[in-house]
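Below you'll find the structure, written out as structure tokens, and then a few comments.
The chain is numbered in sequence order, starting from 1.
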Amino acid sequence: MRTVRESVMDVLRARGMTTVFGNPGSTELPMLKQFPEDFRYVLGLQEAVVVGMADGYALASGTTGLVNLHTGPGTGNAMGAILNARANRTPMVVTAGQQVRAMLTMEALLTNPQSTLLPQPAVKWAYEPPRAADVAPALARAAQIAETPPQGPVFLSLPMDDFDVVLDETEDRAAQRTAARTVTHAAAPSAEVVRQLAARLAGARSAVLVAGNDVDAAGAWDAVVELAERTGLPVWSAPTEGRIAFPKSHPQYRGMLPPAIAPLTRCLEGHDLVLVIGAPVFCYYPYVPGAYLPEGAELVQLTRDAEEAARAPVGDALVADLALTVRALLAELPPREGSPRAGRIERAESFEEVDGVLTPLAAMTAIAQGAPANTLWVNESPSNLGQFHDATRISTPGSFLFTAGGGLGFGLAAAVGAQLGAPDRPVVCVIGDGSTHYAVQALWTAAAYKVPVTFVVLSNQRYAILQWFAQVEQAQGAPGLDIPGLDIAAIATGYGVRAHLATGFGELAKLVRESALQQDGPVLIDVPVTTELPTL
């Protein structure tokens with residue numbers, strides 16, 4: 001006879017979910033009692049950080065993240081990070097403890113009275129098992145739902161007195177059978193629909209390709225590159241790029257589309273067919289009104305997300321597996337003679353300083369020069385994102401993470417989780433000084449677990465991206481946009497992280513190179529930079 005706890009651990013083993021990111025409270029201790037030696041518990045000092053680490057871990061490792069939070073208050077603390085995970089399409093199971101069943105009706109201290117409503121609408125599914133015997137099967141179901149395209153976080157509320165309940169043999173066996181189930185998601189398009197799309201591409205006067213986050217997540221990178229080269233189409237990145245969807249050194253790559261209606265449409269002028277693969281149509285902000293497409297242009301969207309297809313304001317959509325669809329499309333297209341091949345676009349190096357302080361492009365160029373070729377990049381410096389991509393020219397799949405949700409707090413935590421999920425790759429996190437303090441507690445986890453992440457903080461003592469929005473929205477004079485007096489290096493040292501201040505191009509490149517190659521713990525490099533606001 002075995003307990004619910006033993007059955008739960010076997011379910012998690014069967015699903016490959018043996019790394020737990022958590023910040024435990026009293027309602028979680030029964031689940032964690034007699035913690036198995038083959039499991040790994042990664043402690044974070046705040047719940048949003050815990051979810052952010054699990055987010056980066058899942059995206060870097062290609063597995064499903066597992067999070068353990070403290071009942072209602074812990075879930076509330078984590079909500080912003082859970083919303084980011086939803087936007088990132090991260091497969092994640094979020095568990096939270098619940099008061100003992102005998103005291104739920106009276107709503108004793110630490111009861112989560114609306115446990116399945118609290119995390120909505122950030123999760124795909126929220127559930128509290130009605131019986132102790134249902135806990136293990138519910139975990140197995142949660143993992144399946146999290147992994148179903150479009151992937152995303154799910155939530156389970158688990159009463160603390162369930163874990164010592166003894167299961168009979170039938171109940172235990174049922175849970176293990178549920179965990180062992182495999183569900184394959186490979187929705188193929190119909191041959192006729194693919195032929196029609198091939199004909200539209202062939203008949204277009206000037207088609208253009210827009211690639212989005214899901215190209216990388218769905219394993220369609222190589223197929224999309226081959227499609228671009230077969231057709232000779234120019235390629236744009238969809239706005240709000242959370243993952244790299246197309247090699248930025250490719251000669252057909254044109255850049256990232258701006259995230260506003262009128263400016264985006266101007267970039268597509270001259271094209272009569274827009275093929276969007278793995279992205280919404282489109283992720284707009286701020287509001288700059290205009291036509292959604294150039295006059296006379298048509299749009300076709302390929303997506304795994306039926307809701308994403310339904311909410312698009314313009315164009316036709318095909319909902320199916322991206323890799324299967326693009327390969328089927330390639331089979332209908334004739335070979336192209338003299339197709340261009342991927343090759344790095346040379347750019348002028350920037351060593352510019354203003355009053356002795358590096359410009360963002362100069363800092364990004366130095367960071368790119370110092371980082372190893374196989375770096376996994378994490379970015380949360382939104383005001384300097386364009387300069388980052390200009391400098392790094394990332395051209396391999398699975399090499400870039402940026403939150404697609406617009407909420408800060410992803411970068412530091414995700415970088416720690418990403419290195420734990422991909423321990424064979426150096427991880428460099430480029431982050432703003434403002435963004436750093438949304439998840440600064442992640443520095444402690446990096447130091448405590450000796451996670452060898454290189455954190456490069458671009459310090460301009462302001463929320464520069466908000467100053468840009470203030471210009472766009474004609475909201476000049478808004479308070480709270482400057483953050484003077486931060487000593488990032490001192491804060492990092494207080495958390496146990498080695499810290500440096502870099503003020504020159506060569507010094508910065510050298511520090512990044514040295515820290516990215518060491519494996520004995522994290523390093524933080526604080527870099528003062530000038531402020532350059534983006535343009536639409």
Side-chain angles (χ1 to χ4, degrees), residues 48 51-62 65 80-92 122 124 146 149-153 210-221 224 235-248 253 255-259 264 276-285 301-305 307-308 322 375-386 388-389 392 394-418 421-422 427-432 435 438-439 465 534:
V51 173
M53 290 191 296
D55 198 344
Y57 176 85
L59 294 175
S61 66
I82 296 173
L83 281 165
N84 277 340
R86 178 184 178 90
N88 295 341
R89 305 284 181 84
T90 303
M92 181 186 298
K124 296 177 64 178
Q151 297 171 324
V210 178
N213 299 335
D214 215 21
V215 168
D216 191 15
W221 174 287
V224 168
V235 182
W236 289 88
S237 295
T240 316
E241 187 177 46
R243 302 174 76 156
I244 298 296
F246 194 82
K248 293 187 179 296
Y253 182 68
M256 184 186 299
L257 290 172
L264 188 152
V276 181
I277 304 179
V281 178
F282 285 103
C283 190
Y284 297 117
Y285 188 69
Q301 177 192 26
L302 307 184
T303 178
R304 297 191 293 175
D305 186 347
E307 290 187 5
E308 187 174 85
L322 297 184
T375 292
L376 196 169
W377 296 92
V378 180
N379 186 290
E380 196 174 37
S381 180
S383 65
N384 304 313
L385 192 58
F388 170 85
H389 286 307
T392 55
I394 301 168
S395 295
T396 54
S399 296
F400 174 72
L401 300 178
F402 180 91
T403 180
L408 297 180
F410 174 78
L412 282 187
V416 176
V427 174
V428 176
C429 174
V430 180
I431 188 167
S435 301
Y438 283 77
I465 192 65

Do you know which two heavy atoms are closest between [X] and [Y], and how far apart they sit?
X    : Y    : answer
M256 : T240 : SD-N, 4.4 Å
A439 : G409 : CB-O, 3.4 Å
A415 : V427 : O-CG1, 3.8 Å
K124 : P150 : NZ-O, 2.9 Å
G212 : A245 : O-CB, 3.0 Å
A122 : I82  : CB-CG2, 3.7 Å

[atom1]-[atom2] distance between [X] and [Y], expressed to the nearest 0.5 angstrom:
X    : Y    : atom1 : atom2 : result
D214 : I277 : CG    : CD1   : 11.0 Å
S435 : L412 : OG    : CG    : 8.5 Å
T392 : I244 : OG1   : CD1   : 7.0 Å
N384 : I431 : CG    : CD1   : 12.0 Å
W377 : H389 : CH2   : NE2   : 11.0 Å
F402 : N213 : CZ    : CG    : 10.5 Å

Legend entry - Working for side chain to side chain contact (heavy atoms under 4.5 Å, CB included), residues L401 and F410: CA-CA 9 Å; L401 300 178; F410 174 78; 4.2 Å; yes
Inset, instruction - Please tell me if the side chains of Y285 and P239 come closer than 4.5 Å, counting only heavy atoms from C-beta onward. - result: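 When only atoms from C-beta onward are counted, P239 and Y285 do not touch, as no gap falls below 4.5 Å.
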Inset, instruction - State, with a plain yes or no, whether a side-chain heavy atom of L264 is found less than 4.5 Å away from one of Y284. - result: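 Yes, side chains in contact.
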Inset, instruction - Ignoring hydrogens and angles, tell me if any N or O in the side chain of Q301 forms a donor-acceptor pair with the backbone of A279 under 3.5 Å. - result: yes
Inset, instruction - Run the ring-centre check on F400 versus F388 and record whether the distance is less than 6.0 Å. - result: yes
Inset, instruction - Please say which of N379, L83, N84 ends up in a side chain to side chain contact (heavy atoms under 4.5 Å, CB included) with T403. - result: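 One option only clears the test, and that one is N84.
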Inset, instruction - Ignoring hydrogens and angles, state whether a donor on the side chain of D55 or N88 is under 3.5 Å from an acceptor on the partner side chain. - result: yes
